Protein chains: 2
Amino acid sequence: MKRQGILEELRVRGVRLTPQRLLILNAVAEGEGHLGVDEVFRQAKQSYPYMDIATVYRTLHLFKRLGVVTEVAIGDRLHFEIRDPDRRHHHMVCAKCGGAYDLAPDYLDGFREALMKEFSFEPDLDNFTVTGVCANCNAGPSDSPQG
Amino acid sequence: MKRQGILEELRVRGVRLTPQRLLILNAVAEGEGHLGVDEVFRQAKQSYPYMDIATVYRTLHLFKRLGVVTEVAIGDRLHFEIRDPDRRHHHMVCAKCGGAYDLAPDYLDGFREALMKEFSFEPDLDNFTVTGVCANCNAGPSDSPQG
DNA sequence: ATACTTGCAAAAAGTTTGCTCTCTG
DNA sequence: CAGAGAGCAAACTTTTTGCAAGTAT
């Protein structure tokens, strides 16, 4: 599906398609949610043991520059996910369990408009993440899930 | 003013007041907005050249644990500011000029309620930061969007 | 007096870079 | 074939840690 479209776009843009890049793209694409650099690395390395962490960094940066992936700041580390303009969303990250959930963009429409209207501040909500405590962790406060 | 109150609280809590800690507290307090670790370090070092970066880290963590300062994630780096319960606010950070602006908490009231109601997700908006492009940078773009 | 702190140095952890050889287009 | 990319190792940056010596209470 969209994997093909991405490859096509890369080709059109004159970006060389190396096995490493394909593996990294796959890793990010498979990893649904969003993967940290090291997760992408490990994943890609499974198919190609010579994979180098530097290549992962360079490729991820390349992909980001090309608009193929999106950076999501989770905690103090960057995560990456395939950028799909039709499925834009934000993220809720639980500070307790580390879980990350997608959030429909319209929850922030009002906020965005307010910022633009009031401050002429154009928020970049693509990389937007709210930290907090998720339903599960709120219900069962860490140690005793049910007693 | 509140500096005294903080010192009093530290004393009550049995935290030792060393010159280093006072300098670090001052640095954060002076630096209005929010300072990065290195900024706090440099600032404090001006008054006391032997100041060590490890001390800054340890002290900042201590202050955070005690609720004296708040961590603000700006970019991929933590910044710190004095925590004043009477002046809670969020932050808008300009991705272009790096400027950080305070944002009144009520801009997010609706958002918070929606998250809690819909997902039982309790957002931690104390450490909340929106990235984007500020009015200035939007007006006179220093670099062109695409070449 | 004594436990908490600091300074210093070294260790970690995460990211980036220089260089050479390889491979894509 | 030419130039972009990969592999590798070393450099960097930021943050943390172990310890001996110093200091606040």
Side-chain angles (χ1 to χ4, degrees), chain A residues 6-28 34-66 68-69 71-80 98 127, chain B residues 6-28 34-66 68-69 71-80 98 127:
Chain A
I6 292 175
L7 295 182
E8 184 51 33
E9 195 184 317
L10 293 183
R11 191 168 292 126
V12 170
R13 296 244 222 159
V15 174
R16 294 194 178 175
L17 295 182
T18 65
Q20 289 87 341
R21 287 180 176 175
L22 297 181
L23 286 170
I24 290 170
L25 177 61
N26 275 0
V28 179
H34 12 59
L35 282 61
V37 175
D38 58 317
E39 293 170 305
V40 174
F41 178 47
R42 272 201 300 277
Q43 188 66 34
K45 199 167 188 172
Q46 284 185 14
S47 308
Y48 174 55
Y50 289 93
M51 181 63 73
D52 193 89
I53 186 69
T55 300
V56 175
Y57 274 104
R58 284 192 276 231
T59 302
L60 250 17
H61 289 170
L62 170 71
F63 283 175
K64 182 200 161 193
R65 217 179 312 135
L66 294 174
V68 169
V69 302
E71 274 180 7
V72 182
I74 292 186
D76 55 346
R77 207 71 76 232
L78 289 179
H79 286 218
F80 296 81
N127 293 18
Chain B
I6 292 174
L7 294 183
E8 184 51 32
E9 194 184 316
L10 292 182
R11 190 168 293 128
V12 169
R13 294 243 223 158
V15 173
R16 292 194 180 173
L17 295 181
T18 66
Q20 290 87 340
R21 288 179 175 174
L22 296 181
L23 286 170
I24 290 169
L25 177 62
N26 274 359
V28 179
H34 12 61
L35 282 60
V37 175
D38 59 318
E39 293 171 303
V40 175
F41 177 47
R42 273 201 299 277
Q43 187 66 36
K45 199 168 189 173
Q46 284 184 13
S47 308
Y48 175 53
Y50 290 94
M51 180 64 71
D52 192 88
I53 187 68
T55 300
V56 175
Y57 275 104
R58 286 190 278 229
T59 303
L60 251 17
H61 289 169
L62 170 71
F63 283 175
K64 181 198 161 195
R65 216 178 314 134
L66 295 174
V68 169
V69 302
E71 272 180 8
V72 182
I74 293 187
D76 56 347
R77 206 72 75 234
L78 289 179
H79 285 219
F80 295 82
N127 292 20

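In this text the structure is predicted, and so the values were computed from the model without any measurement. Letters A, B, ... mirror the listed sequences (proteins, then strands); counts begin at 1.
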Flag the pair [X] / [Y] as yes when at least one side-chain heavy-atom distance between them is below 4.5 Å, and no otherwise.
X	Y	answer
Val28(B)	Leu35(B)	no
Val37(B)	Ile53(B)	yes
Arg21(B)	Leu62(B)	yes

dG5(D), dG7(C), dT16(C): which one has an atom nearest the side-chain heavy atoms of His61(A)?
->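 Closest of the options to the side chain of His61(A): dT16(C).
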Pick base, sugar-phosphate or nothing for Phe41(B), based on heavy-atom distances below 4.0 Å to the nucleic acid.
->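 Counting heavy atoms under 4.0 Å across all strands, no contact is made by Phe41(B).
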Base, sugar-phosphate alone, or nothing: which one does Tyr50(B) contact when heavy atoms must sit under 4.0 Å apart?
->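 Sugar-phosphate, backbone atoms only, no base.
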Between [N] ([atom2]) and [X] ([atom1]): distance, integer Å:
X	N	atom1	atom2	value
Leu60(A)	dG5(D)	CG	P	15 Å
Arg42(B)	dT14(D)	CZ	P	10 Å
Asp52(A)	dA10(D)	CG	P	13 Å
Ile24(A)	dG5(D)	CD1	P	12 Å
Met51(A)	dC8(D)	CE	P	11 Å
Leu23(A)	dG7(D)	CG	C1'	15 Å
Lys45(A)	dA6(D)	NZ	P	16 Å
Leu62(B)	dT16(D)	CG	P	14 Å

Salt bridge (Lys or Arg N to Asp or Glu O under 4.0 Å) between Glu39(A) and Arg42(A), intermediate numbers included | CA-CA 5 Å; Glu39(A) 293 170 305; Arg42(A) 272 201 300 277; 5.1 Å; no
Toward the 5' end of DNA chain C, by each residue's nearest nucleotide, Ile53(B) or Gly14(B) =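 Its nearest nucleotide lies further toward 5', so the answer is Gly14(B).
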May I ask you to verify if any side-chain N or O of Gln20(B) is less than 4.0 angstrom from the OP1 or OP2 atom of dG7(C)?
->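 Gln20(B) to dG7(C) OP1/OP2: side-chain N or O found under 4.0 Å.
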Taking OP1 and OP2 of dG7(C), is either one under 4.0 Å from a side-chain nitrogen or oxygen of Tyr48(B)?
->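 Answer is yes, contact under 4.0 Å.
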Distance (rounded to the nearest 0.5 Å) between Glu8(A) CD and Arg11(A) CZ |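 With rounding to 0.5 Å, CD (Glu8(A)) is 5.5 Å from CZ (Arg11(A)).
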Atom NE2 of His79(B) and atom CG of Asp38(B): how far apart are they, to the nearest 0.5 Å?
->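 Interatomic distance, His79(B) NE2 to Asp38(B) CG, rounded to 0.5 Å: 7.5 Å.
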Quick tally for nucleotides 18-25 of chain D: nucleotides whose base has a protein heavy atom under 4.0 Å get B, sugar-phosphate-only ones S, the rest -, giving B----BBS
Backbone of Leu66(A) reached by a side-chain donor or acceptor of Arg13(A) within 3.5 Å =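 Yes, Arg13(A) side chain to Leu66(A) backbone: donor-acceptor pair under 3.5 Å.
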